[in-house]
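Here is the naming used below: chain letters follow the sequence lines, and residue numbers restart at 1 for every chain. Atoms considered below: every heavy atom in the structure, side chains included; atoms not considered: hydrogens, waters and symmetry mates.
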Amino acid sequence: MEYNFRAIEQHWQQEWKAKEIYKVSNDASKPKYYVLDMFPYPSGAGLHVGHPLGYIASDIFARYKRLKGFNVLHPMGYDAFGLPAEQYAIDHGIHPAVSTENNINTFRKQLDNIGFCYDWSREIRTSDPSYYKWTQWIFLQLFKSWYNRDTKKAESIDGLIKIFETEGNINHPIPDQKSQTRLPDGQVRNHKSEIFSSSDWKGFDEATQQFILMEYRLAYCGYGEVNWCEALGTVLANDEVINGVSERGGYPVVKKKLRQWYLRITEYADRLQGDLNTLEWSDAMKEMQTNWIGKSSGAEIEFSLASPPSPLLPERGDAKVAESGRLFKTADANWHILKEYGRLNRKNPTAAEDVLWQNIRNNKLGVKVRRQHAIQGYIVDFALLEVKLVIEVDGEYHNEEQQKIYDEARTGYLKEFGLNLIRFSNDDVLNNTKTVIEKIKEEIQVQKKNSRTSEGLPLPEEEKGLGDEAKAGVRVYTTRPDTIFGVDFMVLAPEHELVGQITTAEQKAAVDEYVAYVKSRSERERMAEKKISGCFTGAYAINPLSGKHIPVWISEYVLAGYGTGAIMAVPCGDERDHKFAKHFNIPVTNIIGDYYNGEEANPTKEAVLQNSGFLDGMVMKDAAEVVIQWLEDNEEGVRKVNYKMRDAAFSRQRYWGEPFPIIWKDGIAYPLDEKDLPLELPHVESYKPGPEGEGPLANIEAWTARHLETNTMPGYAGSSWYFLRYMDPHNDTVFCDRKGSDYWNQVDLYIGGTEHAVGHLLYSRMWTKALYDLGHIGFNEPFKKLLNQGMIQGSSRFVYRVRGKNGFVSVGLKDQYVTDQIHVDVNIVDGVELDIEAFKNWRNGEYANAEFILEDGKYICGTEVEKMSKSKFNTVNPDELVLKYGADTFRMYEMFLGPVEQSKPWDTKGIEGVHRFLKKLWRLFYDEQKGKIWTDQQPTAEELKVLHRTIKKVEEDTERFSFNTAVSAFMIAVNELSDLQCHKKTILESILVLLTPYAPHIAEELWQRLGNSGSVLDATYPIFEEKYVIESSKSYPVAINGKTRTDITIALDATQQQVEALVLANAVVQKWLEGKSPKKIIYVKNRMINVVV
RNA sequence: GCCCAGAUGGCGGAAUUGGUAGACGCGCCAGACUCAAAAUCUGGUAUUGGCAACAAUGUGCAGGUUCGAUUCCUGUUCUGGGCACCA
């Protein structure tokens, strides 16, 4: 009776299915354990041998836990939305729903072949409306929530509205924004300053209110830059862009600003960071997330410009203000107009304002001065709030009749609040500056006296005016404020908003050219670029501490999205800055003395500062704090915590994804009523992009007529919460019943590839936290333990075509010709030797008439290890292996290849050995001639020792996911039992239970054949007993000076003296001692003995 | 460029805490069985020298710490993964 794996495996797979062996219930007295795989994207290529690696590992662990008495949830599903299906549809006209369905069926068949213990009754597909109904629902929860920084959690936006109605947003200023939230005209909104009162709020119209709320929502709409390919009419990923052109077709690609949805994940940065230490993840994985979040602390510093930018408009303000007013639907919404107005004024001060500003800024009068400050509906030129003084500088247009009335009204109004107002004309300021300053000083004194008696408007300390930020200068973020005196130049991102304004006439052409060049480069290319490039703007900035004038450059290595989009360059301390300085011959200021050798930068923090003004003599790491203090005292900068992480772009201009449950009305996004979910993806005939970079949904009239959002959600939407749906997959009234999620709780073991280290794993953590904050689930981290499987790489084979000929040259001779390297199917290559006949038939005989230049009569292929991919013809299909060797062999072989965590190239060669092992195991039970040979005899001590050593090893290895060594332990056990000719049921039965997680079919079969009923999965796991493996003596290696020379056997309880005596008596030791006595004898119990001579 | 990981015989890998480097398997060599092959079984197999005993070398490379380093430290090279619209 031989091992007929095909019949066995088929039989048990049917049996398991029929008896619903793997179905789990949500209420069980047993403790729960949740084992989850990262669900696959069902690609058209089907499963390759890389996919099952993690699935087998999780299957082993799920079965192991079940044997250990747990109620194990082990589900599977499909991440079914995605770009490839859409691309396939464009190319072949097959609807994504159809191709996806086909692919899923293929995947399922392939998965079933391997004998996984998934509870398929819980299968989910993210593209299924009954699933994405809840993806949309969660999106709406995010849309209807904001992050309360006081309570540090997500809360309902209704609560925020109540706060606005009672106290305005003074205690909850608009969260910091990154580059995404620029207005269509390219202006960066300066949100911090947008402070409003409760009465302001009540006065705002609907559009303004909604606009403000959008700045708080956890899911919000803003503007962001994308790689735009006009010819393809579509947005491209960074790696679809190569050297400024699209990978497909080679069309030019430029940056384009598009309306986008975002998730405000930045609000969770601190929690995402902090909670990492509650997780059992590898340090590497935590480190990657930490680096992605990129928390750093330092200072934001304001460098004013040596020559302020000239005004953009001859008569400042008005035109621009009117234009920006068009952003809003109501004509009389004065709030944002004011805001805009103030900002523009600040940026484009009149000459008089600027002169005055330079004379009174920086506490020069002993009083803090704010420019273009909004007070109760007015913008004043300068506000000295602590002394309740307002200064106005009047230009020509204030003489107009209308303006006069307006000004008088303002004076009166401000007086009501206890604010005194003084006016100067432009002429006075410009020509009699001194007098004007004296006058202001006098007024300050008067106000100071009055302030003790006068009442009036209490101005909140924290209130910030419009003038606080964007003075006419460049803000930089630095983690090294201590190096401030070493700043030799500044670098702005080429897309920085100031570039256009500060560039001098002489430099304009060069700057424009450089900006255009950068526009065509993807962020990735820019970061990876080794060549140093940049362009001088002609402008100079003033170092606020040293007063030194420093040149302002632009360069692609500074990205707009990080920090402020501008850096202060300290070449002696930063390698990149140093290279830049050397390349452009910018003199380097050395502030670190001997630490800088003139050749390369030294990022030390230990140096004692030199050339650093009042910091001289201070150690750098102490100086940072001093500088921050100085900056804050002098209002030239602020302490700042910065995150590298940006808000997550959450919309795609694509078809095959979840539609947003959003309706646009007069430019305002309104949520769809939850009872109208799911908002189903409409069927389309064409998948072509919509106009102006919109998604294909924009082409559907019925869709646009309802004013529905035309973007769809990205691939990671559905995968951000799927682990919750498995807990309660068929619920139609809630995304996951709270009882279910309370029972199953966190995923105990999550297995998947490291490629998801920062994407999926961060997003799902954020969603979990948001759902937790809002009270929908009871835990705030999704994946307790994470196991990262390595990538199974393909070993690609290449042939070399002689250019211009239908001829191929063997790899060893290819250098003698001009050749093109072509991937060839690994399945028609034996090792490295090409099967020429098979090659001629390959690809429908494309190379039927090819000629071959051979070496030693063979055509040898080139090889390379790379990602397994259909397009590289290096995939190996598991089906064929399962057919040939069986699922159990395949499972064990994949595990035997090496540690699960490690990446390795696939090689089918060794699979025979594992198959032989299973056959050998079978022969412990059955003989080909004699049939059944297992007996009921009592085991010997030797046999029990083998068994218990195996129990210990397999259990320990399984617990630490060292599946390859567990397989090896099985092999050792079977080898030893074969040598002992052990066919005893008691021993073999225990081995079968141990083996069940690894080779479930053969274990189940033999378990039944031994006369057991019920599944082997319900057997009890063997218990290791020390008494069977105890030995009384042990063989120790004896090393002389650390080099093993011999070994001796000593009793385990031997003392140091006994051991030394034995060692010295040993002939080999004597030989090496050469008559001398040893310096020392090191005896480590259970390990080794070392004799030091 | 930045972040993370890895590198051990002809090959995949083992060595769990600093303690016998190469478990287990593949491949290869020799032998048994067979007319022959397959299957199976037995023995050998890091490199160099030697009939052997044995000796020297050996965990990407260069150093260091230690009685002792694949393991810890410093530097370096190469390979793989990620870098925000592939999933």
- Task: Could you check whether A/R923 gets within reach of a base, just the sugar-phosphate, or nothing at all, counting any heavy atom under 4.0 Å?
- Result: sugar-phosphate

- A/R654 side chain N/O closer than 4.0 Å to the phosphate oxygens (OP1, OP2) of B/A87? no

- Note on the structure: To the nearest angstrom, the CG-C1' distance between A/D907 and B/G10 comes to 12 Å

- Task: Check each of A/Y716, A/W292, A/Y268 against A/Y763 using the ring pair (Phe, Tyr, Trp, His ring centres under 6.0 Å) test, and report the only one that passes.
- Result: A/Y716

- Could you tell me whether A/P899 contacts a base, only the sugar-phosphate backbone, or nothing, with contacts defined as non-hydrogen atoms closer than 4.0 Å? sugar-phosphate

- Quickly work out the A/W1072 CH2 to B/A55 C1' distance and round it to whole Å. 8 Å

- Using a 4.0 Å heavy-atom cut-off across all strands, classify A/K909 as base, sugar-phosphate, or nothing. sugar-phosphate

- What is the distance, rounded to the nearest whole Å, between atom CE of A/M285 and atom P of B/G6? 12 Å

- Task: Could you tell me whether A/L897 contacts a base, only the sugar-phosphate backbone, or nothing, with contacts defined as non-hydrogen atoms closer than 4.0 Å?
- Result: sugar-phosphate

- Message: Can you tell me if A/D283 has over 12 outside heavy atoms packed within less than 6.0 Å of its CG?
- Response: no

- At under 4.0 Å between heavy atoms, what does A/E575 touch on the DNA or RNA strands: base, sugar-phosphate, or nothing? nothing

- Message: Measuring only the P atom in each nucleotide, how far is B/A46 from B/A52? A whole number of Å is fine.
- Response: 13 Å

- Message: Applying a 4.0 Å non-hydrogen cut-off, can you work out what A/N227 is touching in the nucleic acid: base, sugar-phosphate, or nothing?
- Response: nothing

- Distance below 4.0 Å between A/N964 side-chain N/O and B/A14 OP1 or OP2: yes

- Message: Rounded to whole Å, please give me the gap between OH in A/Y1036 and P in B/G19.
- Response: 14 Å

- Message: Rounded to whole Å, how long is the line connecting atom CZ of A/R949 with atom P of B/C24?
- Response: 12 Å

- Task: Kindly say whether, by distance alone, the side chain of A/Q653 makes a donor-acceptor pair under 3.5 Å with the base of B/C85?
- Result: yes

- Message: At less than 4.0 Å, is any side-chain N or O atom of A/R916 found next to OP1 or OP2 of B/C24? Yes or no.
- Response: no

- Can you tell me how far C1' in B/U70 sits from the matching atom in B/U59, rounded to whole Å? 5 Å

- Message: Taking side chain to side chain donor-acceptor pair (under 3.5 Å) as the criterion, tell me which of A/T712, A/T710, A/T234, A/N711 meets it with A/Q653.
- Response: A/N711

- Verify the contact: side-chain N or O of A/Q902 to OP1 or OP2 of B/G13, cut-off strictly under 4.0 Å; return yes or no. yes

- Message: Taking 4.0 Å as the cut-off, does a side-chain nitrogen or oxygen of A/K1071 come that near to OP1 or OP2 on B/A55?
- Response: yes

- Is the phosphate of B/A21, meaning OP1 or OP2, less than 4.0 Å from a side-chain N or O of A/T1044? yes

- Rounding to the closest angstrom, what is the interatomic distance between B/A39 and B/G27 at atom P? 9 Å

- Query: Could you give the NZ-to-P distance, from A/K256 to B/C85, as a whole number of Å?
  - Reply: 18 Å

- Task: Look at all strands and tell whether A/A284 reaches a base, only sugar-phosphate, or nothing, counting heavy atoms closer than 4.0 Å.
- Result: sugar-phosphate

- Task: Take atom NZ of A/K952 and atom P of B/U16, then tell me their distance rounded to the nearest Å.
- Result: 13 Å

- Rounded distance (Å) that lies between atom P of B/G25 and atom CD of A/E912: 14 Å

- Message: A/E976: which residues meet the salt bridge (charged side-chain N to carboxylate O under 4.0 Å, His left out) condition with it, sequence neighbours left out?
- Response: A/R949

- Task: Let me have a per-nucleotide readout for nucleotides 69-84 of chain B, 5' to 3', with B, S or -, counting only protein heavy atoms under 4.0 Å.
- Result: -----------SSSBB

- When we call it a touch if two heavy atoms are under 4.0 Å apart, what does A/S282 touch: a base, just sugar-phosphate, or nothing? nothing

- Name the orientation of the base relative to the sugar in B/G9: syn if the glycosidic angle is within 90° of 0, else anti. syn

- OH of A/Y926: more than 12 outside heavy atoms within 6.0 angstrom? yes

- Determine yes or no for a side-chain-to-main-chain donor-acceptor pair under 3.5 angstrom, with A/N964 supplying the side chain and A/M895 the backbone. no

- Note on the structure: Base-pair string, RNA chain B, Watson-Crick plus G-U, cut-off 3.5 Å on both distances, | for inter-strand, is (((((((..(((......[....)))((((((.......))))))((((....))))..(((((..]....))))))))))))....

